[in-house]
2 protein chains.
Amino acid sequence: MKFEAIINHINKFANPSEEEIQSFIDILELENISSREYLIKEGQYCNYNHFIVKGCFRSFFTNKKGVEKTVNFGIEDWWLTDFDSFMNKTQTQLNIQATEDAVILKVSKSNLDIVLQSSLEINKYFRVILERVRIADQRRIQFMFNLSGEELYNTFYEYNPEFVQRIPQYMLASYLGFTPEFLSKIRTKKHS
Amino acid sequence: MKFEAIINHINKFANPSEEEIQSFIDILELENISSREYLIKEGQYCNYNHFIVKGCFRSFFTNKKGVEKTVNFGIEDWWLTDFDSFMNKTQTQLNIQATEDAVILKVSKSNLDIVLQSSLEINKYFRVILERVRIADQRRIQFMFNLSGEELYNTFYEYNPEFVQRIPQYMLASYLGFTPEFLSKIRTKKHS
DNA sequence: TATATTTCTTAATCTAGATTAAGTTTTTCT
DNA sequence: AGAAAAACTTAATCTAGATTAAGAAATATA
């Protein structure tokens, strides 16, 4: 059923009782999102955290020159939100957009806070996830520092071959921190 | 006394009982670190997380060309470790070094896990801290994408004027992602 | 199945920041 | 206080990747 993915995910990182699972499930809202639809848009208040059951999203902002910069991707079993807006109730600078038809489970900050007030294991679940996100962020920062554009692409391709097929190249270029033209140059080089 | 800083910090983000605080305090080890001493070195297993009571640290790795790249700084009231090594029991690629005489409280993974097994509020404390770290990491990634070297320096200076005095410029340059020579150029421009 | 829109490629030119190298200033240690 | 080490500056040259522009493929829509 519809909560299978999230329950499996929770059980992978914590050991909640039936009641703890139930209290969490009760506050989730299922939603279908079409390709290119937005979960949140720049300027809004991001009151939800979103668990991706199916599909792919990107978060991006538009810089001074009007160029879209992809900050993150999210696929199945990832949580996606703008934490700054979600936690601090500030206006978000990010857009989160579906890159394909998707299904999500969303949870509001206020409901989540209530559950986190009384459930040790749900706290643990989010703590562990955040630890893993921290590791990923640190690794990404290290890569950005250490690798040339070409090495970044090759490394990304090596670890996520199927994902490269799943998204437009210009989004990947933006995520890796360079222009689509330069990515095109790299790919020509690689495949010849 | 010696646990004042950490207790205040915990109470800022969670609401632990006396017993929860005590169970956590019991597993902390106080340590004095001299300037330039290492908390961990590349190749070691990083079994501790470190809370900085006093002083300043930098974490860095050495790239293929032998150049040191500063990944993070930590000052009073920050936790510092290599999460990848700490969580996954892998060899760390990072060095964590004191940039001035320091006092830390360290906690081993195994002891921390025991406390986290039974204390909701200590789980919450670390979850909330990690949420804040996530926000900082995301902001940093956005800055790295969006700002020129000069803008990066000016922004950093604006938000951390006192900190710029506290560390050698070449570490800051490395943290911001460019060379000390380029930072020198920027500063000449700024102050003339 | 044709047309419009989006995405990708190629190539010429340009620029932010790297590299190298030498000299200067500051800090540390005895 | 003096020597050695560490940190910072300046300037010339070089390069990875940006920018601009125009055309070609691929996808979506009618």
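Naming: A, B, ... by sequence-line order, numbering from 1 per chain.
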(message) Under 4.0 Å, heavy atoms only, any strand: does A/P168 hit a base, just the sugar-phosphate, or nothing?
(response)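 Counting heavy atoms under 4.0 Å across all strands, the contact made by A/P168 is with sugar-phosphate only.
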
How many whole angstroms separate atom [atom1] of [X] from atom [atom2] of [N]?
X	N	atom1	atom2	value
B/L183	D/dA7	CG	P	14 Å
B/I186	D/dC8	CD1	P	14 Å
A/M144	D/dG17	CE	P	12 Å
B/L147	C/dA16	CG	P	15 Å
B/L176	C/dG17	CG	C1'	14 Å
B/K65	C/dG17	NZ	P	16 Å
A/Q165	C/dT7	CD	P	16 Å
B/F178	C/dT19	CZ	P	14 Å

(request) Measure from NZ or CZ of B/R140 to the centre of the six-membered ring of B/Y175, then state whether that distance is under 6.0 Å and the direction lies within 45° of the axis. (result)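 Here B/R140 passes the 6.0 Å and 45° test against B/Y175.
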
(message) Against the six-membered ring of B/Y48, is B/K106 placed for a cation-pi contact (under 6.0 Å from the centre, within 45° of the normal)?
(response)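 Yes - B/K106 lies over the ring of B/Y48, closer than 6.0 Å to its centre and within 45° of its axis.
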
(request) Please check if the side chain of A/T99 supplies one atom and the backbone of A/C56 the other of a donor-acceptor pair under 3.5 Å. (result)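 Indeed, once roles are kept as given, a pair shorter than 3.5 Å links the two residues.
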
(message) C/dG17, OP1 or OP2 - any side-chain N/O from B/T179 closer than 4.0 Å?
(response)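 No, because none of the side-chain N or O atoms of B/T179 sits under 4.0 Å from OP1 or OP2 of C/dG17.
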
(request) Give a yes/no answer on whether the side chain of A/T188 brings an N or O atom under 4.0 Å of OP1 or OP2 in C/dT9. (result)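 Answer is no, no contact under 4.0 Å.
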
(message) Atom NZ of residue position A/K54 - does it have more than 12 heavy atoms of other residues, nucleotides or ligands inside 6.0 Å?
(response)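 Open: at most 12 neighbouring heavy atoms sit under 6.0 Å from NZ of A/K54.
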
(request) Could you check which of D/dT9, D/dA18, C/dT9 has an atom nearest any side-chain atom of B/R187? (result)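 Output: D/dT9.
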
(request) Could you please name the option among D/dA11, D/dA21, D/dC8 that lies closest to any side-chain atom of B/Y170? (result)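 Selected nucleotide (nearest to the side chain): D/dC8.
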
(message) A side-chain contact here means heavy atoms from C-beta on lying under 4.5 Å apart; do A/F61 and B/Q142 qualify?
(response)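 The answer is yes, as the side chains (C-beta and beyond) meet within the 4.5 Å cut-off.
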
(message) I want to confirm an ordering. Mapping A/F182 and B/F182 to their closest nucleotides on DNA chain C, which one lands closer to the 5' end?
(response)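 Of the two residues, A/F182 wins.
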
(message) Both A/S148 and A/R36 contact DNA chain D. Which one's nearest nucleotide lies toward the 5' end?
(response)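 Nearest nucleotide further toward 5': that of A/S148.
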
